[in-house]
Amino acid sequence: MSDHASTDYPANWGGGVSPLKVSYGKLFMWFFLISDALTFSAFLSAYGFMRHKFAGYWPEPSKVFHHFPFVTKELPLAYVGLMTFILIMSSVTMVLAVEAGHRKDKKSVMIWMLLTIVGGFAFVGSQAWEWFHFITGTEQGAWKDVIIDGKLVHKIVHGANLTFNEYGNSLFGAFFFFITGFHGFHVFSGVLINITIFIMVARGVMEKRGHYEMVEKVGLYWHFVDLVWVFVFTFFYLL
Amino acid sequence: MEFHDDFPQYEFRDQHGEAEGKIQRKRLWRVFWYMLGITIFELALGSYAASKGFNKTALICIFISLTIVKAYFIVYSFMHLGHEVKSMKWIIIGPYTTFILYLVFMATVTEGNYSAIHKVSPPDKSYAKPTEAETKKAEAEENEEPAPSTTTKSAEGAKHE
């Protein structure tokens, strides 16, 4: 562990030292996360442009997303609050797994990672329920102009999909499905990666290496997923 | 095949014992309570402001600043960027912040002209089933709307020639 300046020590020219004091894997995970963050920023700013262009037609999220599973009462934004809590909770369990890895405590790492995986699945399932409810729509429906068999028809439609949207401008549906779908895909792939690393930990691969850095790298990805959700949640549901 | 890790010395540097671990866990749970508190406040404000008429600009500022606070907690505390060396922190934060600032500049100054847009899109009444009179009135209004913009377009076209 070299604390003096990296350029003074002659042996550094042979490699094996990082001036940023971080390993390849972690550094490039950070770089990947920045590129992914830029992608999501582009999507969200496109959403912002469209939302302000159609400010009069845009549905109000607290009026659209006011359903809660197994509850008939209208609770605006309650379900998305639950989803956010689930994801933040899984982020906390992930960082606790990383901390347990720093203590080389294999059993704790496995427990915390298992909880993270469960949280991830819970989030994806909740998002699926939210999509289902958005697509099904309300009982009363709304009058919209839709194209059926090549003809423009004025009829009551229910729910939202890529051709019509009961709640307002059809772009809202397109953006909602695309951005939350993209994010949900990241969550799902994150869960699969977490399962892979969990199996690696269980088989003792990390113990053999002597460090749990893989858990930390995967933890970075999982926290990034949570970070993106914080922004998506703000832009879609609050603003 | 043997797996040879690169720079394992940095991971060994991060390893700690039970005592240090307890302190770190306490900090992490504290950050969790901050996040929970901010999220609950945001949700309450969101559903409350939807019913009353709040100043939209103030709402946007509050929500975005709270989101940035949450992002700071996640990146600094959960992703352990706070534990890295200064140059590493700047490598991550610097380019991204520069880009985001430019994006906001683009969105608000160059592309965002709010007043003109609000004039064009009237409020959407199709959420509830409209009465026959309202449907007829809405159709009449829609037929009227394109007229002003076409006249300005042709006036501009004449100017260019």
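Note: L38(A) leads L33(A), V80(A), L38(A) in heavy-atom pairs under 4.5 Å with chain B. Interface check for chain A: of the options T39(B), I100(B), L43(B), the most heavy-atom pairs under 4.5 Å are formed by L43(B). The most heavy-atom pairs under 4.5 Å with chain B, out of F235(A), W222(A), F233(A), come from F233(A). Among L27(A), D226(A), D105(A), V95(A), the residue making the largest number of heavy-atom pairs under 4.5 Å with chain B is V95(A). Between chain A and the options L28(B), V85(B), T67(B), I40(B), heavy-atom pairs under 4.5 Å are most frequent for T67(B). Heavy-atom pairs under 4.5 Å with chain B peak, among A100(A), G210(A), A78(A), G101(A), at G210(A).
When only modelled atom types and interatomic distance are considered, E216(A) and H211(A) share no side-chain donor-acceptor pair under 3.5 Å. Side chains of D36(A) and H186(A): a donor on one and an acceptor on the other come within 3.5 Å.
Heavy atoms of E20(B) lying under 4.5 Å from chain A are absent altogether. Interface residue Q24(B): only side-chain heavy atoms are found under 4.5 Å from chain A. In this structure, chain B has no heavy atom under 4.5 Å from any part of V205(A). When heavy atoms are compared at a cutoff of 4.5 Å, F63(B) approaches chain A by way of both its backbone and its side chain. Residue contact with chain B, scored on non-hydrogen atoms closer than 4.5 Å, involves the backbone and the side chain of S41(A) alike. F31(A) touches chain B through its side chain: at least one heavy atom from C-beta onward sits under 4.5 Å away, while N, CA, C and O do not. Contacts of F85(A) with chain B are made by side-chain atoms alone, with heavy-atom separations under 4.5 Å and no backbone atom involved. Contact annotation for I92(B): both backbone and side-chain heavy atoms come within less than 4.5 Å of a heavy atom of chain A.
Taking the ring-ring contact (aromatic ring centres under 6.0 Å, His included) definition, one finds that W90(B) meets it with nothing, sequence neighbours left out. K89(B) meets the side-chain hydrogen bond (donor to acceptor under 3.5 Å, both in side chains) test with Y76(B); sequence neighbours excluded.
No side-chain heavy atom of M206(A) sits less than 4.5 Å from a side-chain heavy atom of E213(A).
Ring centers of F99(B) and Y96(B): at least 6.0 Å apart, outside the cut-off. Two rings, from F172(A) and F134(A), have their centers less than 6.0 Å apart. Two rings, from Y34(B) and F73(B), have their centers less than 6.0 Å apart.
Environment of OH in Y48(B): sparse, with no more than 12 heavy atoms of neighbouring residues, nucleotides or ligands closer than 6.0 Å.
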